[in-house]
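Numbered from 1 within each chain, the chains take letters A, B, ... in sequence-line order.
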Amino acid sequence: MINFKQEIANKIAEVIQLEKEELENYLEAPKDAKNGDYAFPCFRLAKELRKSPQQIAQEIKENIKIDTNVLEKVEVIGGYLNFYVNKECITKEVLEEIEKEEYGKSEIGKGKNIVIDYSSPNIAKPFHIGHLRSTVIGGSLYNIYKQLGYNTIGINHLGDYGTQFGKLIEGYKLWGKEYDIEKEPINELTKIYIRINQACKEDETILNQCRDNFKKLEEGDSYCVEIWEKFKTLSLKEFQKVYDLLGTKFDSWNGEAFYSDKMPEVIEILEKTGKLIESQGAKIIDLEEQGINTPCIIEKSNGSSTYATRDLAAILYRARTYNYDKALYLTSYEQVLHFKQVFEVAKLLGIDDKYIKGLQHIPFGMVLLPTGKMSTREGNVVKLEELLTEAIERAEKIIEEKNPNLEDKKEIAKKVGIGAVIFNDLSNSRVKDEIFEWDQILNFQGETGPYIQYTYVRTKSVLEKVGYLPKAKEIKKEKLFDEYSQNIIKLIYSFEDILIQVTQKEEPSILSRYLIDVAKAFSSFYNENKIITEDIDIQNARVFLTYSVGKILKLGASLLGIEMPNKM
RNA sequence: GGGUCAGUAGCUCAGUUGGAUAGAGCACAGGCCUUCUAAGCCUGGGGUCCGGGGUUCGAAUCCCUGCUGGCUCACCA
């Protein structure tokens, strides 16, 4: 498609002494559509040129040679130079583009590898609503990078190692017979976990026993390994239920334990740098010089490994295996210091600078209960499966009220309920905390997932009734010059730009909000205009526009991990 | 205490390298279904953009400072 911004920058560059790239950056989109589609503020040139901004704008306007087939007109308002896109041109561009099978695909990321580390729940602990964010934010970034042509690798870096397993093994040893682990694995294991944590608090020797268990596990002790494997298998089976509901997929399930045999190399490399020093019996890297006053512990005083060491081994492995250009880590902001430390120590691994630069922690806010923070140990968590089931039930109820004769109610309720939950999580900025309120998350009105789905269903319904789809070439573009249609056209035009913005900020909410804008624009259009009408030219044009909106909504939603029903 | 993130309408939040009159949704009040799905559309009231300085032609946005809150600060992950 024509890049209007570039076009304008090129034209302005012919008139004044500034680089095209710089000009392109200066160009902005006016908030109010009556001020045009692109604006060039001349204020910053005023001092340099010793003229008033209005005068500069006026002079550029007089000298600039615009192609009226691309840009309709240029106007000076205040110190702004406002450009109006030619409606015929943008309408033609958008409609013919969207008709293509491959619409929305891009080549920007071609040849680039991106590793995304997301979801990563802890084995033997409940998969609760706190894990939703990593799972859906990571999942949507995965989809969006892929859409832009990147080679994307999704990794579920399972929390399947560490002292917590030493604790579970200890608890199982002590009271395993009292719990029916086969029947309700995670619930029962959680009870053991809570109980052993309590015991550790009361008695340090038990805590040390747990640490020792983990050491044994790392050393391959057959009893410990056997129990650990059992816990892992049972947990994964439960997690899979949630992933199936959410439609989440991974390319790799290599968790922390996978790096068990890859850590000695890390320690060896670090030893050679001379920076690995002993302190209080542990092996650490001091990061004071780097402005981090907490050292990174590489090996505990009892000789067992840490989370940091495993992450370092993972960096080494991922650099070699995936040759990544970018490696994203999706976790809550509780871990910012950890990743700061690990990325700093990674510089000592002797890997190409590209791999260091590519490391990026993407922190997000926490899900809090109205009463405060959730904690597995305290036992006050809302399980994700519970939330999703509740969402589906509520959706089903609403369908029963509004559209009781619908076929496949169950299937649709699933799409709507889960869509609502996913959209809710992806519609706010990552860094913000989220207070969990059932009525807010499962609200189906206003700026929500169901609103997007409902709008999509309306487009489907119209198209079904019409029964045909005209060709973009045959459409009389001038039938779409009204304000409502043009709003939609302009939004569709910016789709790829939106995806790029998402990857620049690692912020899927930009896409969520965009989809709301599209749905709103269509709803207004739909309310204002009859699509099926006597005038066949108008009908064809509007039908095609309706089809375009449906296509964008469906594609956009699928990138967020949300499925569209055809009816609801 | 150090580091770090945040503070915008009654509530939940948008606000693009600084740009034109600070915007949505929820809630509230009203209007719109004999018509392509009312999970919708339209209209309305609502603001010390946490306070105070500074930079700038221009600040919700950048800098300094204070206040409030979250997270974090060596053998959890």
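- Using a 4.0 Å heavy-atom distance criterion, A/K567 is classed as a base contact.
- Taking only side-chain atoms of A/N527, from C-beta outward, the nucleotide of B/rG3, B/rC75, B/rG40 with the closest atom is B/rG40.
- Listed by residue number, the members of residues 416-425 of chain A with any heavy atom below 4.0 angstrom from RNA chain B are A/V416.
- One finds no side-chain N or O of A/R211 lying less than 4.0 angstrom from the OP1 or OP2 phosphate oxygen of B/rC75.
- One finds no side-chain N or O of A/Y307 lying less than 4.0 angstrom from the OP1 or OP2 phosphate oxygen of B/rA77.
- Under the 3.5 Å distance criterion, with hydrogens and angles disregarded, no donor-acceptor pair is assigned to the side chains of A/N487 and A/E483.
- One finds no side-chain N or O of A/T306 lying less than 4.0 angstrom from the OP1 or OP2 phosphate oxygen of B/rC75.
- In the region residues 390-402 of chain A, proximity to RNA chain B at under 4.0 angstrom, judged on heavy atoms, holds for A/I398, A/I399, A/K402.
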Distances under 3.5 Å only, N/O to N/O: pair up the protein atoms with those of nucleotides 54-61 of chain B.
unit_1, atom_1, unit_2, atom_2, d
B/rC57, OP1, A/K47, NZ, 3.1

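- Within 3.5 Å, a donor on the side chain of A/S301 pairs with an acceptor on the base of B/rC75, or the reverse.
- Using a 4.0 Å cut-off, some side-chain N or O of A/T163 falls inside it from OP1 or OP2 of B/rA77.
- In this structure, A/Y193 does not reach the B/rA77 phosphate: none of its side-chain N or O atoms is under 4.0 Å from OP1 or OP2.
- Under 3.5 Å, the side chain of A/K373 and the base of B/rU72 form no donor-acceptor pair of N or O atoms.
- Here B/rC50 is in the anti range [glycosidic angle more than 90° from 0].
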